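This is the structure I want to talk about, given as structure tokens.
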Amino acid sequence: HGAWVTSLSFSPDGQWLAAGSWDGSIRIWSLRERRLVRRLEAGTLLCLGLTFSPDSRELAVGGNDQKIRIWRQIDSGSGPDWKVHRELQGPNNEIWRIRLSQTEPRMIVTSKDGLVYATSARTIPPRVVRFIPEPKTPSFVAWVADPRTGILWNLHSRSRVRGFDF
């Protein structure tokens with residue numbers, strides 16, 4: 001990368017490591033071969049958050065342009081490649097983190113505006129169904145607990161702060 005690495009994601013199948021950078025690039029590394037296999041342009045000035053889908057075939061990427069791009073893995077004949085499959089309008093601020101549900105097309109997105117957004121990963125533009133104030137400390141985590149529910153946890157006290165429905 002030509003700048004700081006801002007986000008990393010391992011694919012669930014253990015084949016890939018994706019790295020996003022301030023220079024707007026994404027690099028895909030083969031963990032098996034221990035080499036760089038693709039360099040992608042994120043379409044944003046800063047790539048701040050990325051995550052793989054549960055089947056490892058899609059990569060959701062967000063940054064400072066307020067968009068979420070879903071890259072899909074394709075076979076280009078000379079090995080795997082990734083192409084932008086879908087572009088979603090995100091929050092009206094920088095996208096810091098993205099997490100996809102393991103069972104449903106839903107995602108959790110955190111943004112510079114201090115909110116956590118729970119939305120569909122398929123709707124264009126996404127319909128934000130709930131706003132949750134994000135704590136100002138990194139000791140909290142939010143995730144999709146099941147297809148219809150998310151949970152915000154305090155990692156220090158190991159307690160549930162609140163739940164939210166999609």
Side-chain angles (χ1 to χ4, degrees), residues 1 3-31 36-76 80-132 134 140-152 164 166:
H1 289 284
W4 293 87
V5 172
T6 55
S7 53
L8 295 169
S9 182
F10 287 98
S11 64
D13 65 7
Q15 288 189 30
W16 315 109
L17 171 65
S21 174
W22 274 10
D23 66 7
S25 70
I26 304 164
R27 297 200 180 187
I28 308 287
W29 298 83
S30 168
L31 295 175
L36 177 69
V37 293
R38 287 289 180 258
R39 184 179 190 279
L40 311 171
E41 292 303 320
T44 182
L45 295 176
L46 304 171
C47 179
L48 298 172
L50 52 80
T51 190
F52 280 98
S53 65
D55 67 0
S56 302
R57 297 196 49 81
E58 293 184 332
L59 181 67
V61 178
N64 66 330
D65 67 351
Q66 306 166 7
K67 296 196 185 312
I68 301 165
R69 288 173 181 84
I70 310 292
W71 294 73
R72 180 171 282 173
Q73 182 182 349
I74 60 170
D75 187 2
S76 65
D81 199 358
W82 282 263
K83 300 289 181 195
V84 175
H85 171 66
R86 218 171 25 256
E87 186 174 283
L88 308 171
Q89 180 60 49
N92 291 324
N93 220 313
E94 291 177 357
I95 296 168
W96 284 358
R97 300 288 178 266
I98 303 171
R99 291 296 174 257
L100 299 172
S101 167
Q102 297 298 306
T103 58
E104 293 283 318
R106 302 192 189 284
M107 73 176 112
I108 300 290
V109 177
T110 63
S111 177
K112 184 179 178 180
D113 60 12
L115 298 174
V116 176
Y117 297 83
T119 187
S120 168
R122 303 286 183 229
T123 308
I124 302 174
R127 182 176 62 91
V128 176
V129 293
R130 190 68 129 188
F131 296 96
I132 306 151
E134 182 180 16
F140 288 81
V141 65
W143 77 84
V144 178
D146 64 44
R148 305 258 184 266
T149 307
I151 299 174
L152 189 63
F164 50 94
F166 289 104

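Model, not experiment: these values are computed from the prediction.
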Quiz prompt | I74 to K83 - nearest heavy-atom pair and separation | solution = CD1-CG, 3.4 Å
Exercise. With rounding to the nearest 0.5 Å, note down the distance linking CD1 in I28 to CZ in R38.
Key: 10.0 Å
Exercise. Mind checking the CG-CD1 spacing from L48 to I95? Nearest 0.5 Å is all I need.
Key: 8.5 Å
Quiz item: Say you draw a straight line from CD of Q66 to CD of E94; how long is it, rounded to the nearest 0.5 Å?
Solution: 8.5 Å
Quiz item: Mind checking what makes side-chain contact (heavy atoms from CB on, under 4.5 Å) contact with S11, not counting sequence neighbours?
Solution: D13, Q15, W16, F52, S56
Practice problem: Looking only at non-hydrogen atoms, find the nearest pair between L50 and V61 and report the distance. | Solution: CB-CG2, 4.1 Å
Quiz item: Quick one: do R27 and D23 make a salt bridge, cutoff under 4.0 Å?
Solution: no
Self-check item: For the student: nearest non-hydrogen atoms of G62 and I98, plus distance
Solution: N-CD1, 3.5 Å
Exercise. State, to 0.1 Å, how close L46 and W22 come at their nearest heavy-atom pair, and which atoms those are.
Key: CD2-O, 3.1 Å
Quiz prompt | Side chain S25, main chain E41, donor-acceptor under 3.5 Å | solution = no
Practice problem: Measure the NZ-CG distance between K67 and L88 for me, rounded to the nearest 0.5 Å. | Solution: 9.5 Å
Quiz item: For C47 and S7, which heavy atoms make the closest approach, and how far apart are they?
Solution: O-OG, 3.9 Å
Quiz item: How long is the gap from CG on L59 to CH2 on W82, to the nearest 0.5 Å?
Solution: 8.0 Å
Quiz item: Under the side chain to side chain donor-acceptor pair (under 3.5 Å) test, which residues partner Q73, sequence neighbours left out?
Solution: none
Quiz item: Looking at L31 and G14, what are the two nearest heavy atoms and their distance?
Solution: CD1-O, 3.5 Å
